[in-house]
Amino acid sequence: MLTTDLKPQNSGHQYLPQQTAEQSSLSPNQQLLPLTAKVNSHDCLEIGGCDLSTLVNQFGSPLYILDEYTLRTACKQYREAFIKYYPGQSQVIYASKAWSCMAVCAVIASEGLGFDVVSGGELYTTLQTLEQMGLGDDIATKIYFHGNNKSVTELQFALSVGCTIMVDNWLELETLVKLGANLGEKSVRIMLRLTPGIECHTHEYIRTGHLDNKFGFDPHQLEAVLTYVSEHSIFNCIGIHAHIGSQIFETQPHHDLAGVLVGYLKSAIAKGLPIQELNVGGGLGIRYTEKDDPPAIEEWVKNVATAIVKACEAEQIPLPKLIAEPGRSLIGSACITAYTVGSRKEIPELRTYIAVDGGMSDNPRPITYQSLYRAIIANRMSTPQSETVTIAGKHCESGDILIKDALLPKAEPGDILVVMGTGAYNYSMASNYNRLPRPAAVLVHQGEANLILKRETYEDLLRQDRLPDRLVNLKED
Ligand SMILES: *Cc1c(COP(=O)(O)O)cnc(C)c1O
């Protein structure tokens, strides 16, 4: 697009949350910016009462800026909606793979949520946090361990900790029977993950509900799995789980899922298994661009809860404890990434590139899933948008593009460019590609900014490096 074709538009303010008396009534996943976003008297974006220029001066860039209020609001909205719409017991658990680090765990644990972990590393991070918080006692009921290929070491770790294991496949069942034999009197608390055979419209890489997919038992094997589990007294099988995918805006798939899962539950109860819980997974989407229109958190919960209640009534089974495990919709909209603008390349009649000081190493979603984002120049919020540019990262890869055709004010070197909606699957997928140190992250709240992840240093990059003796001291004397 030619920059000269563009009519200047009004300011970058259109991305601010609509002002309401009660900010907490806004659903965070429907906003582009965190709920506390505003423009201050210096014409600069402020999040959690902290001025973006000041934050970048103090902590450097790229910088992940996580708004505690927005994260807490999302947690509360999930929790309160389950209480409002589901007459049985419920528990919201955070899919930690969205962003697993101690400070995020701590905020989420303090809101009463549990955790879904998918590796020994995520389990360790969560355990360490809960222990430091003095919450180490409810691990058995608060942590659920997922994964389609858990190692023996990971399973032993999970058993020693006593969290619930979400069994995915036959090998895992057989391994647990062997490992369980050494547990003495204790049983192995498990839930079974099944593929529900439900299609939804999202990127192929993040769809998990359809039958052709690596996760969970195929439903054709339900009878055989239930028989195996009921014949091994080591198992305490407390429930059934399914997750149909991520970044989903439709409500129909989760409505249909309720019926399918309650059907599985009925079969499990008929086999005499001590079923108490039903886990419907996560998957609610967030707004990355103004074109995205996901349902509010409350609406999503209402849809799921009422569908489960109806299905249980129809099948005449008691209401299970209902578990949901959102990741993206809890944390995605609570964080932004601040970059410093650098070089510019203008190709006449074709495209203008603006480069920033990060890229695919701190946000691999565009190159992995062709994900779309929006950006603003945070230090000059009222400057009108006047050109369409492509925002490139600094990696040695032509595909290292954060945003194609972003509408921005004319960006100058040193400007702070903010990409919105980077709380989920950004830091957790970050790499050291090109040996870039991973950025710092700060948690902002009521004018205070706490460093929660230190920026990596060059020494950090060499932490795992070893030089074999025969390759050193080669200088001849
Ligand atoms: C990824 C994942 C989630 C969370 O998905 P979101 O789209 O981030 O809500 C929940 N459960 C399982 C099993 C997952 O793999």
Side-chain angles (χ1 to χ4, degrees), residues 27-30 71 74-75 77-78 81-82 91-100 104 108 113-119 122-123 126 143-150 158 163-169 172 190-196 198 200-210 213-217 239-251 253-254 257 261 277-288 292 294-297 299-301 303-304 322-335 365 368-369 371 421-429:
S27 192
N29 72 315
Q30 297 181 316
L71 177 55
C75 293
Q77 289 184 358
Y78 265 109
F82 271 106
Q91 175 73 55
V92 182
I93 65 180
Y94 169 58
S96 357
K97 73 174 193 274
W99 189 353
S100 176
V104 167
I108 283 172
L113 273 62
F115 296 88
D116 131 14
V117 299
V118 296
S119 70
E122 286 183 5
L123 176 57
T126 308
I143 305 184
Y144 294 80
F145 192 13
H146 277 283
N148 71 313
N149 191 22
K150 305 176 188 79
C163 58
T164 305
I165 299 176
M166 314 298 274
V167 179
D168 181 276
N169 55 67
E172 194 177 337
I190 61 167
M191 287 180 71
L192 299 170
R193 175 167 187 171
L194 285 138
T195 317
I198 286 176
C200 57
H201 297 106
T202 188
H203 194 285
E204 182 190 349
Y205 295 178
I206 54 177
R207 258 191 329 225
T208 58
H210 55 303
N213 152 343
K214 72 170 181 170
F215 295 106
F217 289 100
I240 301 280
H241 166 276
H243 171 69
I244 55 179
S246 203
Q247 186 61 359
I248 301 170
F249 291 176
E250 311 150 277
T251 49
H254 277 94
L257 175 68
L261 278 180
E277 300 187 1
L278 191 60
N279 183 327
V280 295
L284 171 60
I286 69 168
R287 169 172 282 182
Y288 285 106
D292 294 334
I297 290 172
E299 193 188 332
W300 187 88
V301 173
N303 172 54
V304 168
L322 181 56
I323 300 181
E325 47 186 20
R328 190 191 312 270
S329 53
L330 278 174
I331 201 163
S333 311
C335 184
R365 293 190 67 254
T368 312
Y369 313 112
S371 310
T422 58
Y425 309 110
N426 271 233
Y427 196 95
S428 63
M429 288 183 157

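For the single chain, residues carry numbers from 1 onward in sequence order. We count ligands from 1, going down the list as the structure has it; atoms in each ligand are counted the same way. As the structure is a computational prediction, the values presented were derived from the model and not from experiment.
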Flag, side chain of [X] to backbone of [Y], donor-acceptor distance under 3.5 Å:
X: Glu325; Y: Phe115; answer: no
X: Gln30; Y: Pro294; answer: yes
X: Ser329; Y: Asn29; answer: no

Original post:
Which is it for Glu172 and Lys150 under the salt bridge (charged side-chain N to carboxylate O under 4.0 Å, His left out) test, yes or no, and what are the steps along the way?
Top reply: CA-CA 8 Å; Glu172 194 177 337; Lys150 305 176 188 79; 2.7 Å; yes
Original post:
Which protein residues have a heavy atom closer than 4.0 Å to any atom of ligand 1, listed by chain and number?
Top reply: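 Shell around ligand 1 (4.0 Å, heavy atoms): Ala95, Lys97, Asp116, His146, Arg193, His241, His243, Ser246, Gly282, Gly283, Glu325, Pro326, Gly327, Arg328, Tyr425.
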Original post:
For the atom pair OH (Tyr78) and CG (Leu113), what is the distance rounded to the nearest 0.5 Å?
Top reply: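 Spacing of OH (Tyr78) from CG (Leu113) equals 10.0 Å.
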**OP:** Would you give the length of the straight line joining atom CD1 of Ile93 to atom OG1 of Thr164, rounded to the nearest 0.5 angstrom?
**Re:**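 If we round to the nearest 0.5 Å, Ile93:CD1 and Thr164:OG1 are 9.0 Å apart.
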